[in-house]
Number of protein chains: 2
Amino acid sequence: MKLNDRAETLLRTLVELYINEGQPVGSRTLARQLKLNLSPATVRNVMSDLEDLGLIHSPHTSAGRIPTQEGYRFFVDSLLRIKPLEQITLEEMQDKFSNESDPQLLLTKASELLSQVTHFAGVVLIPGQRSSLFRQIEFVRLASQRVLTILITDDGRVQNRVIPTDRSYAASELVEAANFFNQVYAGTSLADVRRGLLKEMQKDSDEMHRITATALAVAGKLFDDEDDGGDAVMLSGEENLLNVPDLCQIEKLQKLFDAFKTKQDLLDLLDRSMKVSGISIFIGGESGYRSLDDCSVVMAPYDHDGEIIGTVGVIGPTRMSYEEVIPVVDVTARLLSGALSTSSDRLE
Amino acid sequence: MKLNDRAETLLRTLVELYINEGQPVGSRTLARQLKLNLSPATVRNVMSDLEDLGLIHSPHTSAGRIPTQEGYRFFVDSLLRIKPLEQITLEEMQDKFSNESDPQLLLTKASELLSQVTHFAGVVLIPGQRSSLFRQIEFVRLASQRVLTILITDDGRVQNRVIPTDRSYAASELVEAANFFNQVYAGTSLADVRRGLLKEMQKDSDEMHRITATALAVAGKLFDDEDDGGDAVMLSGEENLLNVPDLCQIEKLQKLFDAFKTKQDLLDLLDRSMKVSGISIFIGGESGYRSLDDCSVVMAPYDHDGEIIGTVGVIGPTRMSYEEVIPVVDVTARLLSGALSTSSDRLE
DNA sequence: CTTGGCACTCGGATAAGCGGAGTGCTAATG
DNA sequence: CATTAGCACTCCGCTTATCCGAGTGCCAAG
């Protein structure tokens, strides 16, 4: 789509005004705001053209115009003037990430940060373990037939799980089994560990080494269940959305919170954005998920040592200040990537 | 407070009607519903008395009556006829708890259960570790100066934490240190462990055994921070409250969700109910926390081997069906207590 | 004590009227 | 030909008036 300069400034000003005020913008207001010394009548003519193009529309005959979904899209793609982050905000954000090396907590903090700074909801796609590499496993005997397994992956994440076993294992057996794992599988992907285990299991148990058998018995279940992806979504600041005037209708909020509970739609959406480099923006119904019809989502992938492993984002009303939210999401993704990398640099 | 039989049945019927319909109850409706063949005029007289006693009131002159906070209180204390749980619901609830022995997950499930069954918000007070006994600690070397500590308490809870250390420790040193801990402190309370550590630290480091020094250096920080209580509140099904007609005003929801975020009020409230045995019910403003003015909270403590360690509850509108919610909370507390005890029976 | 009757009150729904903001069209202008 | 002033028109939101129904309180009779 191509617009002449005047139409572009006009549309930009209109969208900016509407984002700030939340009221349909009329020709008089727009003419006054515009520095071009145009009469309201001229502005009306241009607005009429923009309406024909489907970029703006009137809620009713005698109201001003508001951007359509396509209008927002054009605005975001072609007209947006990104505001640089305020120095203070930037420092606050950096503070939040410093002195923290636990990857789990880093993700939590990222999500909180996004919601605090934007006053909308922050969201983080937590990568499943599919792609992470096996680093270390430990078994701790809890009771006669219960073993605590602690799985550590190369990205520094720790996961523990209590596993019921068929028979009782001595502490020494468990140590042997753990050593076996740590030597054989260190550095391979979890999926490969799983494949390896499956292969072992197919062997006749007679010819199996005692230690291998123990390892299999204890950790088999762990990897059985664990490989089903395990991607998860973390949300913060949902309550901020209650304060957003555009969403003040209970039904809209219900739809939204329903989506927050099931999380599937969010997961799909964030996952899609992981495939793309740079910021992804879904405006209103663009995402295709009805529950997000009244919302926009701004997302950016984050990486760990250069490999993209997840996404951070903000969910807010379609009428949000994209010029402010985009840099926040962008910077958060960068800071998070940085924090994750340095935290694992400190791993050896 | 003493009422004659007729006034009691009348009040009970009024409250039940109002809880079911949500509309102020007029004399005609009440007379019809009542099986006493009273005329509306008589009912009006009785209602007038009840109003003088502060148990009911009219929102305005020509509306019916609705219960006051005191009216609900009297109803709950003296008039309530608890409905036994439906067999199916009971089985569903039992199902939810069976096949789960991880205490953390049990608490999550309890909270979810409460919200699912009642269609309000479920809440669980998660006991801090102050009272739990030390069972076992493990150190895992993550990087040259980072050690993963895994703390297991006697109630089966597992907590892990990455601790930065001043110098690098060899795996063997860590094993020794862990053994030291596990032998010296097994079965003592975490608070005592902390006291023990402090005492050790006061000794001149020269005369300290090498292993003790390692143990101190690695785990000192863990117990430093960890003893600050750590009680926590877990919430589920907040979104259910969006569907409650009595709370459909955005401001009320805002107050409520604000309280959900900070959690302090909830924590205090649940903590109070832990001191009491049996069901606690706070109606409307009774709790004293303004954020819960429009809500009632039904709570019951749960225990682990007879010792009360936490509380489960439901947060809903004041106009809730107490006769249904109370047994749900009660049964959940019992089931949870049972599940926690059997899960630790299986510990040795 | 109970009841029927009756005047009274109040909220909610409906309709009417009004002012303001904004539009679209037309004709005049540079 | 783009721009502009003028003007009739539309529609929303607000206020006011009206009416109806539900419910009350009180009184006098049973």
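Quick note on labels: first sequence line is chain A, next is B, and so on, each numbered from 1.
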How many whole angstroms separate atom [atom1] of [X] from atom [atom2] of [N]?
| X | N | atom1 | atom2 | result |
| --- | --- | --- | --- | --- |
| N45(A) | dA27(C) | CG | C1' | 13 Å |
| Q33(B) | dG23(D) | CD | P | 14 Å |
| D5(B) | dC1(C) | CG | C1' | 17 Å |
| Q23(B) | dG11(C) | CD | C1' | 13 Å |
| R28(B) | dG21(D) | CZ | C1' | 10 Å |
| D52(B) | dC26(D) | CG | C1' | 14 Å |
| N4(A) | dT3(D) | CG | P | 9 Å |
| E51(B) | dT24(D) | CD | C1' | 10 Å |

Check ion pair E51(A)-R65(A) (N to O, under 4.0 angstrom): yes
Could you check whether R290(B) pairs with D293(B) (Lys NZ or Arg NE/NH1/NH2 to Asp/Glu carboxylate O, under 4.0 Å)? yes
Without swapping roles, check the side chain of S78(A) against the backbone of F75(A) for a donor-acceptor pair under 3.5 Å. no
Looking at [X], I'd like to know whether one of its side-chain N or O atoms comes within less than 4.0 Å of OP1 or OP2 on [N].
| X | N | result |
| --- | --- | --- |
| T61(A) | dT23(C) | no |
| R44(B) | dA22(D) | no |
| R65(A) | dT23(C) | yes |
| S27(B) | dT24(D) | yes |

So A41(B), base contact, sugar-phosphate only, or nothing? Heavy-atom distance under 4.0 Å. base
Side chain of H60(A), heavy atoms from C-beta onward: which of dA5(D), dG11(C), dC11(D) has the nearest atom to it? dC11(D)
Could you check N37(B) against S58(A) and say which one's nearest nucleotide on DNA chain C is further toward the 5' end? N37(B)
Taking for R6(B) and for S62(A) the nucleotide of DNA chain C with the nearest heavy atom, the one nearer the 5' end belongs to R6(B)
Crowded around R334(A) CZ? As in, over 12 foreign heavy atoms under 6.0 Å? no
Ring-plane angle category for Y18(B) and Y72(B), please: parallel below 30°, perpendicular beyond 60°, tilted otherwise. tilted
